[in-house]
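One structure is given here, and the rest of the page talks about it.
Only a predicted model underlies this, so the values are computations on that prediction, with no experimental measurement involved. Chain letters run A, B, ... following the sequence lines, proteins first and then strands; every chain starts at 1.
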Amino acid sequence: MGAAFRWLMPHPFLTLILAVVWVLLQNNVTAGMVVFGIILGILIPWITSAWWPDTPKGFRLGKMLSYSVIVIWDIVVANIQVAWIVLTVPNSKLKPAWIVVPLKLKQPEAITVLAGTITLTPGTVSADLSDEGHSLLVHVLHTDDPDGVRDEIKDRYERRLLEIFV
Amino acid sequence: MMLETLAIYAAATSLLIGSGFVLVGVIGLLKFNDPMTRLHAPTKVGTVGIGMLLLASMFSAYADGDASIHEALIMAFLFVTAPVSANFIAKVNIHKRDCDTPPSPPRDDTWSTLRTPEEDQS
Amino acid sequence: MTAAALMNLAVIVAFLALAAGQVLSMVRLVIGPTSGDRILALDTMVINALGLVIVLGIHQGLEVYFEVSLLIAMLGFVSTVALARFILRGDIIE
Amino acid sequence: MSHWIIAPIILPALLAPFIVLAARYHIGIQRVFSVAGVLALIAIAGALAWQVSDGSVIYYRLSDWAAPFGIVVVGDRLSTMMVLLTSLLALFVLLYAIGSGWDDRGRHFHALFQFQLMGILGAFLTGDLFNLFVFFEVLLIASYGLMIHAGGNARLRAGVQYVLFNLIGSTLFLFALGSLYAETGTLNMADLAQRVTEIPAEETVGIRVAAVLLLLVFAIKAALVPLHFWLPSSYAEAPAPVAALFAIMTKVGAYAIIRVYTMIFPPDLEVTSGLHDLWLLPAALVSLAIGMVGVLAAKKMDRLVAYSIVGSMGMVMVAISLFSPEGIAAALYYIVHSTLAGAVLFLISDLVRTGRGNVDLTSQPPMMGTYLTAAMFFAGAIAMAGLPPLSGFLGKLLVLDASFDSTLVVWVWAVVLTSSLISIMGFARAGSVVFWKAHSLPTMEEPVEVASRPSMLAYAATGGLFALLTLHTVFAGQVHGYTTTMAKQLFAPDAYMSVVLETPGKLSKPKTEEEK
Amino acid sequence: MSLFFIVALPFLGALLPGIMNSAGRAACAGVTFTVSLAAFVGLLTNLPAVLAGEVVTARVEWMPELGLNFTLMLDGLGFFFAFLILGIGLLIITYGRHYLSRDDHMGEFFTYLLLFQGAMVGIVLSDNILLLLVFWELTSLSSFLLIGYWKHLPEGRQGARMALTVTGMGGLAMIGGMLILGQIAGSYDLSVILQNREAIQADPLYVPALILILLGCFTKSAQFPFHFWLPHAMAAPTPVSAYLHSATMVKAGIFLMARMWPVLSGTPEWFVIVTTAGLITMVLGSVIALFKHDLKALLAFSTVSHLGLITMLLGTGTTFGAFAAVFHILNHATFKAALFMSAGIVDHEAKTRDIRQLGGLRTLMPVTFTIATLAALSMAGIPFLNGFLSKEMMLEETTHTVLFGVWWLVPALATFGSLMSAAYCFRFIGHTFLGPVRDDYPAKPHDPNAGMWMPPALLVVLVVVIGVAPFLVQDFVILVAKAVIGGTADLEVKYIKIWHGLVPALYMSVAAVVGGLLVVAIFKPLLKIWDAAPRPEAKVIFEAIVETAAAAARGFTHSLHNGAFTRYAMIGFVAIVAAGYHAWATGTVGAATRDLQEAGAVPIAGWAMLVASTVGLVFLHRNRFLALILIGIVGLMVSIGFVFLSAPDLAMTQFTVEVVTIILLLLALNFLPKQTPVESTALRRIRDAGVAIAGGLATFALAYHYLLRDAVSTPISEFHLANSYKGGGGTNVVNVILVDFRGFDTYGEIIVLGIAALLIYALTETLLNGPVRRRLLNRLPDQPRAGDMHPMMMVVLTRVIMPVVLMVGFYIFLRGHNEPGGGFIAGLVVSIAVVMQYMASGFSWAAARIRYPYHGIIGAGVLIAGLTGIGSWFVGKPFLTSDFTYVRIPPFNEFELATAALFDLGVFQAVVGAVMLSLESFSRLAHRPNTPESDHPMDIDPSRDEAPPVVPGLEKEGG
Amino acid sequence: MELLVASAIGVMTAGGVYLVLRLRTFPVILGISLLTYAVNVFLFASGRLTVGAPPILRDDITAYADPLPQALVLTAIVISFGMTAVVVMIGLGAFLGSDDDHVDEQPEPETTEGET
Ligand code: NA
Ligand code: NA
């Protein structure tokens, strides 16, 4: 049963995403659309499964949702902050910095979500990964306390992601 | 009726906010004097700006009487892809030595971009 | 101010902001100086273009521009990555 | 509605993907299908030509939409003759390609060959100008593939120029089509012919420019000076059987000029007067001269042949630009001749290449298979230089005869006759160097490594083209009689137009009925 | 025998010797002789009719519309010439069989000879001047082959080309003349033309026609100033010289003048041109002949001289002149052929033709001596030999001929010519046969076998017989002369007599012979003067002219076609703009019928962007990477413009194509230089800019013109808008046009795309299997490379987003018929999704997991589209006719099923296959088999830290 | 609006022509691309300019932009894409074979022989 399920639906989360995407595309929520979306959601990952060989393990959807809410809030706040910096801080007063975030996360999917979150949130951009994948290089637009930024990243995002990607 | 009017106001407001953000993003792009700092402005501010425009579109559609949600899809696309775009551009800056050299990573040898490929070593 | 008038104003403002954004990005693109800047400028222009299409849709009250926006959102990213990969590796598919 | 008239387009268009799909690793199967397809084409083309030989017009609505709303394919005497000519040429060229092994020196020769045929035949048959553009593109892109088939540096470099020049041509074509649509609101040729008559005399620049741009497009195809520059290098560098097939491609341009400038913009049309009737003839004369001078100038046999193609197209265009039934009849006779003669010379040039490893016009020790090759070259040269008894001479007489009433008759005669002389000098010089002078050199101890005796099939294919040339000569009266009826049909396009415009289609009644 | 057979026999028989070559020399010559003999006998069967004054005709239509038909006629003149051609031909064949050496390819020789014979017979029997032209040129061609028969001799090759060029030129001129003649007379049949003397001579085109025809005659008959080719044709084997250059071909011009005599002669133009040319040729030829040391050259120039004589006679335009001309033709043919054969015998036996190495052969070769001497004396004009008779008639005629108003000019020159003629004849006899026997001949001379001397001997018998008893041929000559002058004029019958009394001609004759002897006596000092005098060498001049022409042609052609595409493009642009401008300038411009639409700030900003990026591209194009970005922006702006102007489908297509194009260009740019160097001069850039601005102004003006005016009648798209839903089942009219109204265009379009991919694939294969492969393998990156080949973020994102993009592609495909989208855009979207995967995880990793060969996808796509089209045949509808229906299957909404969608599926597949095959081919160029292939989709993956090492190969599920 | 579109066509044509006249294949191909844009817009403009009325049928609307030129341009875009790909590939092949991306043939030493 499990194996058959795995074969049919190698990435259940992806199936879900696709079904939602389909409904969004149709711009119209009807039963038929949802059913068709699910069918496509099964069919397409099945076609493309060769390119996503290893399924991420123990993904927690619920925690992911709450994480998303936090991130979206952060994005809104961060954007206002950055906009403020852009408009008010002169170039000479700007204090950009590199910070290095050592990673506890191992799964590529998890690291990618973290990196993405960092880029979308307060004045930070994920710039690079170390050559074994154990640290993340982040560029900060304007900070007096690089270590504080690093700690906040680890505390606010990585900790949560460690719970989502078990 | 009331809701539709509200939606129009919401749409207009979103439009104004969105265009403001767009503008700020571009100003940042133009203003900052370092490639890495320039990267911050448009990738994020711009993204939110477009997000607001999309929101405006949704409000506007609602005001016209046919509710529309598919704008969310575009928003999702933007939010998912923007970090990767930024990441690549940052890598370009690091690779071309167009920015300050980043500090070495603690556990590994170097940053992946800076590692000289084996086949190029001679 | 009536809702319609405000909306009209907002649309005009949005158009102007996006147009200005395009022009300013173009300036960055031409002056560079780094490849990263140019790619970034192009990426920004694509995003702004997407904004233009959205506002146009709002302005004309037409739904048909959705597909266009969707494509721009998806594919702008691809060209940004391709250009960056070219600078990084020379060969974009290796 | 009989479907046969689109068979010449559909058959290669299905055969080619089938070859790609099913036989791309098996050259033998590809050859069988390719030859079988061309044989079928010949049969179909023959039947179609027979069907319209009484002057009737076959008409086909694609997608069932009537002209001018949908695309139509139209077969009349002219188009079916061109289809038949192309199919016949294709057979021998294909056999040569197989016999010489050219088809196996790169990938996808047969698929490209079939697509090339589809493009050419489509261009001859379509009754819609934009569709003509599409078929031009099909035939062009297939020709790019065939031209660079088997690679090699010189060929690729020539290929770049060939493609680029034609891209400019395609762009020009679109400018012309845009102008035509903007001016008339239609794309169908027959409908255009009707609508241009409605254009008022006080507003002619639009249609005039459109007419001229279109003419220039076709002039590029027909390699008319000064738009001929793409031809010499690309034809010379193309693989021989490909160049031989290309002999029909320039005729597509000539065909299009004949079709468009007898039906849509006839010489007596007020709004476009003083354009093509003014400078087409001078340009044609210069082409003829430049081509034949090139024959004398060539340092390699393949260039020599390529220049002779330019010259012979000049001759064709001289006849066309008379815009009289006699001139068109002569042009059509000459088109058949120059297609066959040009093709045969390209194949002979390749026989020389096979026999001695190169086609330089320098004396080298005797090659393999000299006698037969030399005899063929002699005959081919006679044909191309317009010496009796072959059809080149007869064609030349027809052109000279038809030009008698032209105001530029002195120029026509002077250029035609002088350029003949120059080409005779050129061919004699080349033949003498390649085939005779060799005898004054000692035979080589060991033959050149790259040289080998051409295969029997290669000779047979070349001989087959000669047989066609001979038939074209022996039955010159019949052929010319037929091209004369063809020319008359072209100068009375009402029958063509009424068939195209008055046959109803899906959801539409003929225009004339609506007006009534 | 029918005239057709007489003409056709040599042509048909020409195949035989070639085939029979291996059967032996005797068989080869035998069959040739038989063929000739058959034709000869066939001719003789018509003799009674000819003698009875009838004109034998035969006619088959060839090109009736043109007026070129196989119309043959045999009258006295034709018979006379045909008799000469076939009769002498038999002798030449006999002679040639013995003359040719064992190394010579006899079959080839006789094949050419028979071809020539047929052509000659054709000329003299033609009743259609176009047909005559055909045979005329055939003689040029066959003589080209005969002269160049000894391919190893440079003189032969050169002589052949010279003869072909000169006579070819004349032939071409004659084409013009004949066509004019035919146009005036309204027919190309000689019999008709000969009836139209008045009309032709009154026509303003008479003089051009005359000059053109005479050009043909003069070149063929080696008349001054075209006499120079003939001596060089002597490089041919002697039988050829004897046949072509004395008896037959050179007489073709004479024949034609005789044939056209009734319509062309008698005018002042004819008289002046023909007589003058003949006279000069006669004198000049005789002078040159005297000083030639090569026996054959001497004879050749003597032939030139005698042809001049005949020409002059024809030029007088009197019937007596014509009569004398005919008689001299006959006589000249007999003695000259005999002389040539004798010279050939000498050459054959003594192995030299150089008169300076000869002498004293009288005793060694008595038979040859006798033959040659009699023939030479006849040529010198010694009584009782036939040459005397006709030469006297000539001299007689000159006394009545006044040229340029000077009465003594013609007689004096004619006498001088005769004098020189006698001189070279005496020299020929004296310096070859008389004198002491030498001991330094290259070979020991003796008389040849009878096969070689019998033919000339026969001729010499004729020489003597006619000379002694001219009345034997008198009737025949009269008959022929009558044929020449035609029915219109009366021949004042003159009997040929040996003794006319003490007429001026006799004095002139005597003076000529005596003078001739004197000249030979003082030959050595004369030769010194001759050698010292500067004189043009025809061969050198001709070769100089040809080489100059060829060099000029080369210079012209190669400087015009110098291989510079930029030049070709420049000329093209200028031509296009100029032609367009001309069309515009000569037309009329009416008032605008449409109003300008207001442009807001946004369009203006968009326009500014477009212009800025275009201008930027032009100025910054040397930085290729930047240029790529800029062209991308141009494309982007154009797309936005399409959106603005109500063309969402176009915008989507333009935008997706743009992305794929940029990927493609980046793949190529990887190999190319990244900078374009400055190479063109400022002047050139200014020039190019000028052309560019002209082109820009032209398209601007054109577009602006159309935009402000309506089409002349309702555009056909009204119909498309009205019937798109009703007849095509779709609300997206653009899509319905693409898949239905104009589906055939789309069918062609996907084929173009498919071909493009096949081409790119084929070329890649060719490159990878050729010399380029090594270069590619040894290629080093020209810029430093970053370390991360397959960055993690990209890979992870691709995993999620590629399926989504595929779904979007599917969505766009489905919606296309009613909303913006369709198979093409969907195909591009799907391709881009796959390309994303390629970019993320690399070519090898991604390609190994592709399940379908792209070739197959293209092929299937094009086939599906085609078969969908054919499908409509089965319901009796034309190709590509669409049908649609609406179905409802719960829980889904009602949806449309359309055949057009199936067609669109073919489009979709073809696009995906084509784009992917192209991109894949580009990638393969960069792919290096010797670099380690990654088994992982991404380079860096910390989750692999603890995992056991992956066994290569196991991972390739679905590959 | 008409002025903007027409002048844009003119500017792109001029830029295209200028680049086509350059000496290396890469700018020439870019020039062809510009020309392609220009002609596509020109062809599109042959249906005249209409704002806000895409030819997608709606119940309550009767005026639409001319759909035919749009379909033609779409075909033209696709075809020119194929052509661009092809010319890029052939140009690349030529460059790889000779290490030279000049579009003009480079002069080679003269070799001729007269026939005598
Ligand atoms: Na393009
Ligand atoms: Na094109």
Side-chain angles (χ1 to χ4, degrees), chain D residues 6 14 17 20-21 61-65 68-71 106-108 115 134 137-138 141-142 145 151 161 182 184-186 198-199 202-205 208-209 212 216 226 229 232 274 293-294 296-297 387-389 400 404 413 417 420-421 424-425 428 432 436 439-440 476-477 480 484 506-507, chain E residues 62-63 65 134 137-138 151-152 157 161 164-165 168-169 172 176 179 183 550 553-554 557 561 565 568 571 575-576 579-580 583-584 586-590 706 711-712 715-716 719 723 727 740-741 743-745 748 751-752 755 758-759 762 765-766 770 855 859 862-863 866 877-881:
Chain D
I6 56 156
L14 291 177
V20 172
L21 201 59
R61 297 182 304 275
L62 273 310
S63 308
D64 206 19
W65 296 104
F69 313 115
I71 294 167
R107 304 297 298 273
H108 289 317
F115 277 135
V134 172
E137 298 303 302
V138 172
I141 198 161
Q161 296 199 353
T184 63
T186 191
E198 298 165 19
I199 293 172
E202 59 272 14
E203 179 64 84
T204 60
V205 289
R208 288 174 76 80
V209 175
V212 162
L216 291 171
F229 288 103
V293 167
L296 182 59
L387 287 172
L400 292 173
F404 203 77
W413 285 28
L417 295 174
S420 274
L421 178 67
I424 291 171
M425 286 165 69
S432 172
W436 285 358
H439 291 273
S440 61
H480 179 243
T484 304
K506 202 171 175 179
L507 301 181
Chain E
W62 188 10
M63 297 187 75
E65 299 268 350
V134 171
E137 297 282 45
L138 276 178
K151 305 171 181 67
H152 55 279
R157 300 196 299 270
R161 287 194 300 119
L164 180 66
T165 307
M169 180 187 75
L172 289 166
L179 284 173
Q183 292 283 348
R554 257 199 305 277
T557 303
H561 306 83
F565 168 79
Y568 305 162
I571 293 173
I576 291 165
W584 179 285
T586 51
T588 54
V589 188
Y706 290 128
V712 64
I716 52 173
F719 180 87
N723 293 289
D740 195 343
F741 288 111
F744 202 47
D745 277 347
I751 283 175
V752 168
I755 299 171
L758 293 185
L759 186 166
E765 281 285 303
T766 306
H855 274 103
V862 174
L863 267 183
K877 294 284 183 185
F879 190 72
L880 285 176
T881 305

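Between E/L179 and D/W413 the shortest side-chain heavy-atom distance falls below 4.5 Å. Contact check for D/F229 versus E/F565: no side-chain heavy atoms found under the 4.5 Å cut-off. No side-chain heavy atom of E/F744 sits less than 4.5 Å from a side-chain heavy atom of D/V134. Proximity of E/H855 to D/H108: side-chain heavy atoms (C-beta onward) are separated by under 4.5 Å at one or more points.
Only the side chain of E/E765 comes within contact range of chain D, with heavy atoms under 4.5 Å apart. Residue contact with chain D, scored on non-hydrogen atoms closer than 4.5 Å, involves the side chain of E/T766 exclusively.
Counting heavy-atom pairs closer than 4.5 Å to chain E, the top-ranked of the candidates D/H480, D/R107, D/K506 is D/R107. For the set E/I716, E/L138, E/L880, E/L758, the count of heavy-atom pairs under 4.5 angstrom toward chain D peaks at E/I716. Put simply, of D/P388, D/G477, D/P17, D/S63, the one with the most heavy-atom pairs under 4.5 Å next to chain E is D/S63. For the set D/T484, D/V20, D/L417, D/V212, the entry with the most heavy-atom pairs within less than 4.5 Å of chain E is D/L417. No other option in D/I199, D/I424, D/V293 has as many heavy-atom pairs under 4.5 Å with chain E as D/V293.
The distance from the CG atom of E/L863 to the CG atom of D/L14 is 6.0 Å, given to the nearest 0.5 Å.
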>> Run the side-chain hydrogen bond (donor to acceptor under 3.5 Å, both in side chains) test on D/T204 and E/T588 for me, step by step, so that the C-alpha distance in whole Å, both residues' side-chain angles and the decisive distance to 0.1 Å come before the verdict.
In response: CA-CA 5 Å; D/T204 60; E/T588 54; 3.1 Å; yes
>> Evaluate E/Y568 against D/Q161 for side-chain contact (heavy atoms from CB on, under 4.5 Å), listing each step before the verdict.
In response: CA-CA 9 Å; E/Y568 305 162; D/Q161 296 199 353; 3.8 Å; yes
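Summarising the geometry of D/P226 relative to E/A575, their closest heavy-atom pair is CG-CB, 3.8 Å, with the distance given to 0.1 Å. Scanning both residues, D/P389 and E/W62, for their nearest heavy atoms gives O-CH2, 4.3 Å.
Under the side chain to side chain contact (heavy atoms under 4.5 Å, CB included) test applied with D/F115, the options E/V752, E/L759, E/I751 reduce to a single match, E/I751.
More than 12 heavy atoms of other shown residues, nucleotides or ligands fall within 6.0 angstrom of atom NZ in E/K151.
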